[in-house]
Amino acid sequence: MALRKGMNKQTTRLQAASALAMAMFEQKGLTELIDSKFKHDPRIRLTPGNAVKAMIGTMLSAEGRRPLFGISNFYLSSPTEQLFGSDADVNALNARAFSRNLDRLFKMDLGELTFECYSMLCKEYGLSSNMFNIDETNFSVTSLVKEPDVMEAAFPERCGHAKDGHNERLVYSLLSVTDGNGAICYERPYDGATTDGEMDRDAIEFLSKKVDPDITTLAADCKIVTGPLVKLMLEKGFGFVAKCPDNFGKKVRSKIVESVRTGTMDPSLVRDGWELYDTDAEVEGKMLRFVAFRTTDDISAGIEYLRDQGLKEAGSRFSRFESRTYNCDVDARRALDEALYCHVDSAYDVIWSIDEVEVSVGYGHRGRPRKDEKPITKTEYKVNVELVFNEERAKALSQDRGVRVLITNLPRSNADEENIRFGATADTVLMTYLGQYRVGAPVRDGTNNLVRWWIGIDIHRPITLIPEGNPRGSAACV
């Protein structure tokens, strides 16, 4: 009898990942923080903070993305009044309510709000960082909108280099900044055709107002290494680590690679088989530090590249000799010398010879040839070429080709200071640059360790959890 009564009892269902994420969002004060930025309006049943919480809950569900008009379906069997306020029933979770709240959020300074949320979480969890990673990306959309519908809103444009390969679509650009713990502290969307340099400049200007540049280090890819941006970081007082592009500072990278060729690289103390070269060079009146490195994989990959690509290039260079002959050996040798002159930095040896060949020119008259008449022949000259792969030369060429160069202004030190802004070894400069993966980690598969802390959060709500979701997705809430 008791079992039958239990069967008739209504069960509240909510996926575990969504419940944990929304509980963290609520208990850490993010809902209250967002709502505090707006004047209270009793007519509004779904506040901006609760709207964001509801969208996070659906994004981290097993079903993944869904349109705004489909969010309410996710909470049909959930205690919406307990999750989003006493006035927020399922009907309050409609597309118009979410759209209106998104418009209200847009009118706020989202960068400031994001950093304030980040600061609150860092204080709550006792996190601190003097390292910030900057990166840009873009994503394509299927859209007919080609101009902003709201003043200063980002809008999709064509850029010709969509990250997902769909260059036929319009794209948005996105700037992301994370700290050394992998927590997102600043994000901003841009028009699809916005340059990376413009986004990098905005990130530098923003961070200079939020942190102390004298104790802060920025890590980024090669797009931040331009004359104006390097000058800006030095003027603000930031430390920085980035990959040096080929065209920076009158091609200073080529000079560093040449120094590596004539010098000696030291073995890395943190990566087996890796080699480092630490030096200084003057760029536009400023002495900057350069750390060149290469790996065993770089050399192996370089050899295979020279084997495949070198054969294609050499083949296209010498293939003309297969079907061509010359009137004299002087012409043949001249054509061969021209091809050999262009055959530089190649791992293929060229074994050649110029041989005489008899070429038929016909019978010298019209009509059918007479009986036993032989065609007239003349002597021409043919270039024969054989390409042989030189393993030793390929390895030597890969030594230079596999060299990558980092640029930094961190002081050189035999041992790392507590804050690397005041001194770092070459190995630490390398690992700082390689740590850029933190920009994408918070939104990939939940690899961030903060998810381990969230699992222990006490929800304090009388709901039944049905673990149908994937808790790993909760890391996107960082």
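Everything numeric in this text was worked out from a predicted model, so none of it was measured. When reading the values below, keep in mind they use all heavy atoms of this one structure, side chains included, and skip hydrogens, waters and symmetry mates.
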Can you check whether [Y]'s main-chain N or O pairs, donor with acceptor, with [X]'s side chain at less than 3.5 Å?
{"X": "Ser413", "Y": "Gly423", "answer": "no"}
{"X": "Asn101", "Y": "Ala51", "answer": "no"}
{"X": "Ser268", "Y": "Trp274", "answer": "no"}
{"X": "Glu116", "Y": "Leu113", "answer": "no"}

Looking at [atom1] of [X] and [atom2] of [Y], how far apart are the two atoms once the value is rounded to the nearest 0.5 Å?
{"X": "Asn419", "Y": "Asn130", "atom1": "CG", "atom2": "CG", "result": "4.5 Å"}
{"X": "Ile224", "Y": "Arg201", "atom1": "CD1", "atom2": "CZ", "result": "10.5 Å"}
{"X": "Asn138", "Y": "Arg169", "atom1": "CG", "atom2": "CZ", "result": "12.5 Å"}
{"X": "Leu68", "Y": "Ser99", "atom1": "CG", "atom2": "OG", "result": "5.0 Å"}
{"X": "Phe293", "Y": "Asp278", "atom1": "CZ", "atom2": "CG", "result": "13.0 Å"}
{"X": "Ile407", "Y": "Phe290", "atom1": "CD1", "atom2": "CZ", "result": "4.0 Å"}

Does the distance from a Lys or Arg side-chain N to an Asp or Glu carboxylate O, for [X] and [Y], drop under 4.0 Å?
{"X": "Asp103", "Y": "Lys107", "result": "no"}
{"X": "Glu284", "Y": "Lys250", "result": "no"}
{"X": "Arg334", "Y": "Asp337", "result": "no"}
{"X": "Lys382", "Y": "Glu356", "result": "no"}
{"X": "Asp427", "Y": "Arg271", "result": "no"}
{"X": "Glu258", "Y": "Lys255", "result": "no"}
{"X": "Asp200", "Y": "Lys223", "result": "no"}
{"X": "Asp202", "Y": "Arg188", "result": "yes"}
{"X": "Glu391", "Y": "Arg393", "result": "no"}
{"X": "Asp214", "Y": "Arg421", "result": "no"}

Review point. Checking side-chain contact (heavy atoms from CB on, under 4.5 Å) for the pair Asn384/Asp355: CA distance, chi angles, key distance, verdict?
Key: CA-CA 8 Å; Asn384 296 309; Asp355 302 323; 2.5 Å; yes
Review point. Can you tell me if CG on Asp272 sees more than 12 non-hydrogen neighbours from other groups inside 6.0 Å?
Key: no
Check your understanding: Are more than 12 heavy atoms from other residues, nucleotides or ligands located less than 6.0 Å from atom CD of Glu168?
Key -> yes
Within a strict 4.5 Å, meaning less than it, do heavy atoms of the [X] and [Y] side chains meet?
{"X": "Tyr326", "Y": "Arg324", "value": "yes"}
{"X": "Val357", "Y": "Thr379", "value": "no"}
{"X": "Glu205", "Y": "Lys236", "value": "yes"}
{"X": "Phe318", "Y": "Val350", "value": "yes"}
{"X": "Val177", "Y": "Leu218", "value": "no"}
{"X": "Leu127", "Y": "Leu121", "value": "no"}
{"X": "Thr137", "Y": "Ser173", "value": "no"}
{"X": "Met265", "Y": "Arg294", "value": "yes"}

Consider only side-chain N and O atoms of [X] and [Y], and report whether a donor and an acceptor are under 3.5 Å apart.
{"X": "Thr428", "Y": "Asp416", "answer": "yes"}
{"X": "Ser176", "Y": "Glu136", "answer": "no"}
{"X": "Asp164", "Y": "Ser140", "answer": "yes"}
{"X": "Asn327", "Y": "Tyr381", "answer": "no"}

Could you report the tightest heavy-atom contact between [X] and [Y], atom names first, then the distance?
{"X": "Glu313", "Y": "Ser316", "answer": "O-OG, 2.8 Å"}
{"X": "Cys117", "Y": "Leu30", "answer": "CB-CD2, 3.8 Å"}
{"X": "Thr408", "Y": "Leu410", "answer": "OG1-N, 3.0 Å"}
{"X": "Leu397", "Y": "Ala347", "answer": "CD1-N, 4.0 Å"}
{"X": "Val260", "Y": "Val403", "answer": "CG1-CG2, 4.1 Å"}
{"X": "Tyr348", "Y": "Gly310", "answer": "CE1-C, 3.7 Å"}

Check your understanding: Step by step, would you call Arg307 with Glu304 a salt bridge (Lys or Arg N to Asp or Glu O under 4.0 Å)?
Key -> CA-CA 5 Å; Arg307 186 191 305 275; Glu304 292 305 314; 3.7 Å; yes
Exercise for review: Might you work through the side-chain contact (heavy atoms from CB on, under 4.5 Å) test for His343 and Asp349, ending with a clear yes or no?
Suggested key: CA-CA 9 Å; His343 188 68; Asp349 293 329; over 6 Å; no
Exercise for review: Check step by step if side-chain contact (heavy atoms from CB on, under 4.5 Å) holds for Phe132 and Val211.
Suggested key: CA-CA 10 Å; Phe132 291 90; Val211 299; 3.8 Å; yes
Check your understanding: In terms of ring plane angle, is the pair Tyr186 and Phe206 parallel, tilted or perpendicular, where the classes change at 30° and 60°?
Key -> parallel
Practice item. Check step by step if side-chain contact (heavy atoms from CB on, under 4.5 Å) holds for Arg289 and Asn409. Key: CA-CA 6 Å; Arg289 181 182 177 189; Asn409 65 339; over 6 Å; no
Check your understanding: Is Arg253 positioned over the aromatic face of Phe248, cation under 6.0 angstrom from the ring centre and no more than 45 degrees off axis?
Key -> no
